[in-house]
Amino acid sequence: MEHRDLSEADPELYETLKNEASRQEKEGLEMIASENFVPLQILQAQGSVMTNKYAEGYPGKRYYAGCKHHDDAENLARERACELFNAEHANVQPHSGTTANFAAYFSVLEAGDKILGPVLSHGGHLSHGHHVNFSGDLFNFETYAINQETERFEYQDVLKAAKKHDPDLIICGYSAYPRKVDFKMFREIADEVDAILMADIAHISGLVAAGVHENPFPECDIVTTTTHKSIRGPRGGMIMCQKKYADAVDKAVFPYSQGGPLMHQIAAKAVCFKEASKPEFKNYAKQIIKNTSALAESLKEEGIELVSNGTDNHLVLIDLKKEDVTGREAEEALEKANIIVNKNMVPYDPEPPMVTSGIRIGTPALTTRGMKTEEMKEIGKTVADIIKRPEPDVIERSREKVEMLIEKFPLYRGSEVEY
Ligand code: DSN
């Protein structure tokens with residue numbers, strides 16, 4: 001086998017990687033709430049020899065020989081996850097958040113069982129019962145809604161839905177909800193109807209790990225997450241649970257829904273959990289909250305409406321119903337100014353999903369770059385300017401401001417990361 005530098009072995013692909021590195025470094029304000037930038041140590045683990053091995057099974061019980069170092073890596077990831085989240089058991093093998101949810105459902109339910117989840121346009125995820133997803137196809141999903149007045153999930157509404165539908169499992173935790181998730185409230189409701197309680201903390205796991213958001217344990221029975229959002233690790237998923245569900249969860253991941261684990265990703269998850277346990281990460285998570293709050297205040301000062309009138313976490317959801325632009329138009333205009341966000345349904349949205357009346361904006365990635373509240377205030381004003389008047393002169397002026405801002409906050413520049 002010939003080892004060659006990627007730049008020589010595959011110049012076309014190398015060029016593509018360089019282009020993407022350059023885009024991330026210089027071309028835009030990354031404000032998609034689910035994205036982040038990982039440190040070099042995560043990239044190293046992901047690009048390691050751990051990719052070369054099949055390791056079906058779990059530490060100490062593999063289907064192939066030669067897994068002793070893979071056992072060490074997976075044990076590190078599992079133990080660190082349990083410590084970080086105060087969990088009794090962790091399965092770090094899910095390839096993604098959606099496959100984690102698949103396995104989590106099937107660890108305690110059978111196809112056709114009833115799940116109560118959020119109305120999807122009220123902050124849920126495709127894998128929380130959308131009809132185009134396995135979840136909506138295989139399970140009997142019923143929903144609870146955001147309260148139209150407070151624009152939050154309220155006890156009486158969720159309880160009413162739970163009593164009406166009598167679900168086997170209730171799911172809480174969202175992709176586009178700017179407020180804290182009240183796990184105690186959900187536990188009370190789950191107990192009322194004798195349902196299993198599952199939380200999907202994919203978006204907020206970094207905040208939970210750092211202690212700036214309530215922990216879903218001990219209230220929740222099963223908790224799923226991705227590892228690449230606010231927790232700033234490699235792309236992947238994870239399931240944590242109370243001990244009594246450990247065997248069922250492990251079996252539902254392998255052999256029920258996955259084959260060989262992606263051991264290079266699992267090695268990087270171990271690194272991620274170590275990073276997330278450090279005091280620096282706590283400061284990072286606190287800064288995310290301060291930054292999002294500054295962004296929200298600045299948008300409100302410019303007359304922009306926010307769902308629930310603010311935020312407790314890493315994202316704001318702009319409600320554009322009273323503006324002259326749709327979510328799609330705002331997303332496109334902001335992209336022209338190199339502000340990267342996504343259009344998003346807002347609760348009770350009159351527009352379809354490809355148009356929407358909302359914009360979701362998150363701060364984890366820019367906080368990783370080192371931006372603070374001052375920059376967030378400036379960004380809030382710029383976003384508001386574009387929403388109010390998405391004309392070429394405003395976009396051009398904003399693009400120049402964005403360029404100057406990015407220049408001051410290097411990402412991988414100066415490090416060993418080449419692509
Ligand atoms: N795509 C993720 C998000 O943006 O929330 C969820 O999978």
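Just so you know, ligand 1 is whichever comes first in the structure, and atom 1 is the first atom listed for that ligand. Computed from a prediction, not measured in an experiment: that's the story for all the values here.
- Among residues two or more places apart in sequence or in another chain, the ring-ring contact (aromatic ring centres under 6.0 Å, His included) test is passed with Tyr174 by Phe153, Tyr177.
- Other residues, nucleotides and ligands contribute over 12 non-hydrogen atoms within 6.0 Å of the CG atom of Asn52.
- Shown here are the side-chain hydrogen bond (donor to acceptor under 3.5 Å, both in side chains) partners of Glu219, two or more places apart in sequence or in another chain: there are none.
- Phe281 does not carry Arg232 over the face of its six-membered ring by the limits of under 6.0 Å from the centre and within 45° of the normal.
- Taking Phe134 as the reference, Phe102 meet the ring-ring contact (aromatic ring centres under 6.0 Å, His included) condition, with sequence neighbours excluded.
- For ligand 1, residues of the protein lying within 4.0 angstrom by heavy-atom distance are Ser34, His125, Ser175, His203, Lys229, Arg360.
- Within a 6.0 Å sphere centred on CZ of Arg235, other residues, nucleotides and ligands contribute 12 heavy atoms or fewer.
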